[in-house]
There are 2 protein chains.
Amino acid sequence: MGRWEPDARERLVRAALDLFSEQGYENTAVAQIAERAGLTKSTFFRHFRDKREVLFGGQDVLAELMTGAISGAPAEAGPLEAVEAALVATAVTFTDERRAHGPQRLVVIAGNDELRERAALKMVGFAVAMTDALKQRGVPELEAAVAAELGVLAFNHGYERWLETGGDFAEVARRTFGDVRAAVGSLERAE
Amino acid sequence: MGRWEPDARERLVRAALDLFSEQGYENTAVAQIAERAGLTKSTFFRHFRDKREVLFGGQDVLAELMTGAISGAPAEAGPLEAVEAALVATAVTFTDERRAHGPQRLVVIAGNDELRERAALKMVGFAVAMTDALKQRGVPELEAAVAAELGVLAFNHGYERWLETGGDFAEVARRTFGDVRAAVGSLERAE
DNA sequence: TACGGTGATGAGACCAAGTCCCATCACTTG
DNA sequence: CAAGTGATGGGACTTGGTCTCATCACCGTA
């Protein structure tokens, strides 16, 4: 796998993130990102399906980790325990490097509709993946959907918490999921 | 408000829906949709923000109905009751005409990533709107988020059910939301 | 009946996203 | 050292989306 300047993909991500922060997402052309990374437009689209995807690389891995954890959970585990295992399983991808540009990334995404749209699709993807994995364990459709949705909610809140506080993501995820479950309990008791 | 051939907007929707069904979303150019509707590309983009939006018109009205119902719910109502009221409040928009092209619309959306993306964003929009409205009632952040998410889940399942069975959407929504709440209960009891 | 105002449309230039195809270059292997 | 492989460069091309200006139908008023 020959190549001259290594890490083309990461250089593109860095360049994109910086340019988006400096001048906004829509004022940045793909050609400009490629140029700053010392590459061309062609190469950019060889690494990323489209302009948005440069900020969402590796999310398919997360979905696989989640479904794997749910399928591999002990038979006695309930749906919510399986979902918690799914969240914990994603912790391996939450590296220091990822934490470094996380906040910058969130700001950029929040500031643009196209990017929020892509983010929403990714979350739906997680929910669908977990729902299917739960159904495969014999969990009824609607219970699976609810459990998965709670999991996604905890994942998002946990991610933000992790960016603020740092530490082990598995720990943060477990705590956040516990908070979500407590919130569910409060709702049920409320009437 | 002068105009010669009336209902330009609806003609565009019809033309788009038919063309998407016949040849697929990505094989259909905006110019072609406009042509079939007896209009031009310019006019299309005057009615819809982008090509996707032709399938999602009027969804902002839904969000307003939801937040309105939550804000207007009696003070004694718990978060889940308020969310149920939000779902019921959207029923006024579920007309026979909407039910007529609903299934066709769902098939088209399911067959294309861009459209699923837009649909996902709309659902997130609902969730955020309901969460904010609940927080304004004094519901804690996380409880509000959970309640809103359960509401969106019920809304989606309810919509599909309504397309299959017909009848009053308010009725279907109430029943579906009840099912979702029951599923939550099962999850809690499961461990 | 003639007039000007208003709102919706048509027409076309223009830019950037994304696709495609082919040439080229670095590096590896026999 | 030659052939092969994988990543890149470059440019043509289509289409989504924006923008500006001209045009047309209708409405109210004098």
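Chain identifiers are assigned alphabetically (A, B, ...) following the order of the sequence lines, protein sequences preceding nucleic acid strands; residue numbering begins at 1 within each chain.
In this model, no side-chain donor or acceptor of K51(B) finds a partner on the base of dG17(D) within 3.5 Å.
In this structure, CZ of F45(B) is placed 14 Å from P of dG10(C), rounded to the nearest angstrom. Atom CZ in F48(B) sits roughly 15 Å away from atom C1' in dA8(C) (whole-Å rounding). R49(A) places its CZ atom 14 Å from the P atom of dC20(C), with the value rounded to the nearest Å. As rounded to whole Å, 9 Å separates atom C1' of dG16(D) from atom OH of Y25(B). We find that NZ of K41(A) is positioned 7 Å from C1' of dA17(C), with the value rounded to whole Å. Here the P atom of nucleotide dG16(D) and the CG atom of D50(A) are 15 Å apart, to the nearest Å. For R118(A) and dA17(C), the CZ to P distance is 14 Å, given to the nearest whole Å. One atom, CD1 of I33(A), and another, P of dG9(D), lie 15 Å apart when rounded to the nearest Å.
Closest contact between the side chain of L39(A) and the listed nucleotides dT8(D), dA16(C), dG11(D) involves dT8(D). Out of dG16(D), dA16(C), dT19(C), the shortest distance to the side chain of A29(A) is found at dA16(C). Of the candidate nucleotides dG9(D), dA17(C), dA11(C), dG9(D) has the atom nearest to the side chain of S42(A).
The side chain of H47(B) contributes an N or O atom lying less than 4.0 Å from OP1 or OP2 of dT9(C). For dT9(C), the OP1/OP2 oxygens have no side-chain nitrogen or oxygen of R11(B) closer than 4.0 Å. At dA8(C), none of the side-chain N or O atoms of T43(B) fall inside 4.0 Å of OP1 or OP2 (strictly under the cut-off). Contact between the side-chain N/O atoms of T40(A) and the OP1/OP2 oxygens of dG9(D) is found at a separation under 4.0 Å.
Between R52(A) and Y25(A) the shortest side-chain heavy-atom distance falls below 4.5 Å. With contacts defined as side-chain heavy-atom distances shorter than 4.5 Å, the pair I33(B)/F20(B) qualifies.
Criterion: ILVMFWY side-chain heavy atoms under 4.5 Å apart, direct or through other members. Under it, L163(A) and V180(A) are part of a common hydrophobic cluster. Taken together through direct or relayed side-chain contacts under 4.5 Å among Ile, Leu, Val, Met, Phe, Trp and Tyr, V13(B) and L19(B) form part of one hydrophobic cluster.
The distance from atom CG of L12(B) to atom CG of L17(B), rounded to the nearest 0.5 Å, is 12.0 Å.
The 5' end of DNA chain D is approached more closely, in terms of each residue's nearest nucleotide, by V30(B) than by the other of V30(B) and R46(B).
Nucleic acid contact class of R9(A) (heavy atoms, under 4.0 Å, all strands): none.
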